[in-house]
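Only a predicted model underlies this, so the values are computations on that prediction, with no experimental measurement involved. Sequential numbering from 1 along the given sequence is applied to the chain's residues.
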Amino acid sequence: MRGINLPNLITISRIGLALVVPPLLFHPTFAARLAAFIVFLVAAVTDLWDGYLARSQNLITDLGKLLDPIADKLLLVTTFVPLYVLSHGAEPQTPFPWPGEPGHGGLPWDGGRFPLWIVVIIFGRELFITLFRGYAAKRGVVLAAGQSGKYKAVCQNVFIGAAILWYALHSRAFEQGWGGQVWMGWRYFHFGFTVVVLSVAVVLTVYSMVVYLREYRTLNLGRSGAR
């Protein structure tokens with residue numbers, strides 16, 4: 001098939017891996033969620049690998065340009081949506097809550113719930129940029145991804161991996177009855193880490209969109225071949 005090469009095959013495999021994550025994540029066992037964590041890591045790493053191969057070996061194709069953003073956004077949807085659902089009541093209550101708080105089975109934050117406004121910002125940005133790129137492409141302008149957008153994607157992936165790992169360990173805590181100082185110490189560390197990484201990701205999500213629009217505001221998108 002025209003356009004099929006190694007980078008594109010890797011991209012297609014990433015689409016398949018993205019679809020595997022939700023059922024594993026919704027299965028409340030350590031083994032299933034550890035598998036979800038590993039599958040996500042493979043998908044995130046191959047995202048870097050296929051792009052490197054395509055550029056270094058001059059294997060960039062129209063099919064690859066179409067499939068790569070689909071794979072990226074699908075992985076985002078198949079991880080953020082399950083994490084949001086789990087944190088809003090789909091996860092069993094933990095027998096070892098934060099000191100002075102009722103038990104919850106969500107993320108290791110106050111209340112354990114993934115804020116909806118963060119989901120809206122992240123997906124709103126992706127939808128807006130996708131539509132804006134399509135609008136520009138129809139007028140002969142190719143809008144490339146910026147460096148800040150790449151940093152944003154890295155921070156998002158680090159947060160997603162950390163959150164999936166949290167749920168895997170939460171399942172193990174249920175299975176093994178963890179509740180000692182080591183477990184509580186890890187929870188506090190994980191709390192700080194995930195909050196910092198997600199905060200940086202949200203800031204870069206907004207910043208990358210502003211930079212994106214600022215860089216191209218001088219382009220005359222009303223004329224074909226403006227660039």
- request: Let me see the working for Val200 and Phe159 under side-chain contact (heavy atoms from CB on, under 4.5 Å), right down to the final yes or no.
  value: CA-CA 10 Å; Val200 173; Phe159 163 75; over 6 Å; no
Side chain to side chain donor-acceptor pair (under 3.5 Å) between Arg125 and Thr205, intermediate numbers included: CA-CA 7 Å; Arg125 184 266 185 197; Thr205 296; 6.0 Å; no
task: Test Leu75 against Phe40 for side-chain contact (heavy atoms from CB on, under 4.5 Å), laying out the working first.
output: CA-CA 8 Å; Leu75 186 61; Phe40 172 76; 3.9 Å; yes
query: Can you list the steps and then say if Arg33 with Leu25 is a side-chain contact (heavy atoms from CB on, under 4.5 Å)?
result: CA-CA 5 Å; Arg33 287 173 171 175; Leu25 194 51; 4.3 Å; yes
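We find the CG-OG1 distance between Leu74 and Thr79 to be 9.0 Å, quoted to the nearest 0.5 Å.
When hydrophobic clusters are built by joining Ile, Leu, Val, Met, Phe, Trp and Tyr residues whose side-chain heavy atoms come closer than 4.5 Å, directly or via intermediates, Val119 is grouped together with Val85. Taking hydrophobic clusters as Ile, Leu, Val, Met, Phe, Trp and Tyr residues chained together by side-chain heavy-atom distances below 4.5 Å, Val206 shares a cluster with Val154. Residues Val45 and Ile164 are members of separate hydrophobic clusters, defined by side-chain heavy-atom contacts under 4.5 angstrom among Ile, Leu, Val, Met, Phe, Trp and Tyr. Each of Val120 and Val203 belongs to its own hydrophobic cluster when Ile, Leu, Val, Met, Phe, Trp and Tyr are linked at side-chain heavy-atom distances under 4.5 angstrom. Each of Leu131 and Ile70 belongs to its own hydrophobic cluster when Ile, Leu, Val, Met, Phe, Trp and Tyr are linked at side-chain heavy-atom distances under 4.5 angstrom.
A 4.5 Å side-chain heavy-atom check between Asp68 and Asp47 finds at least one atom pair inside the cut-off. Looking at Leu198 and Phe114, their side chains come closer than 4.5 Å, going by heavy atoms from C-beta outward.
In this structure, the ring of Tyr151 has its center no less than 6.0 angstrom from the ring center of Tyr207.
Summarising the geometry of Asn157 relative to Ala44, their closest heavy-atom pair is ND2-CB, 4.2 Å, with the distance given to 0.1 Å. Ser171 and Thr29 get closest at one heavy-atom pair: CB-C, 3.7 Å. In this structure, Ala163 and Leu83 approach most closely via the heavy-atom pair CB-CD1, 3.7 Å.
When the shell of 6.0 Å around CD of Gln181 is examined, it contains 12 or fewer heavy atoms from other residues, nucleotides or ligands.
Under a 3.5 Å cut-off, the side chain of Thr46 and the backbone N or O of Arg14 do not form any donor-acceptor pair.
Between Phe189 and Phe193, the ring planes lie parallel to each other; the angle is under 30°, not in the 30° to 60° tilted range.
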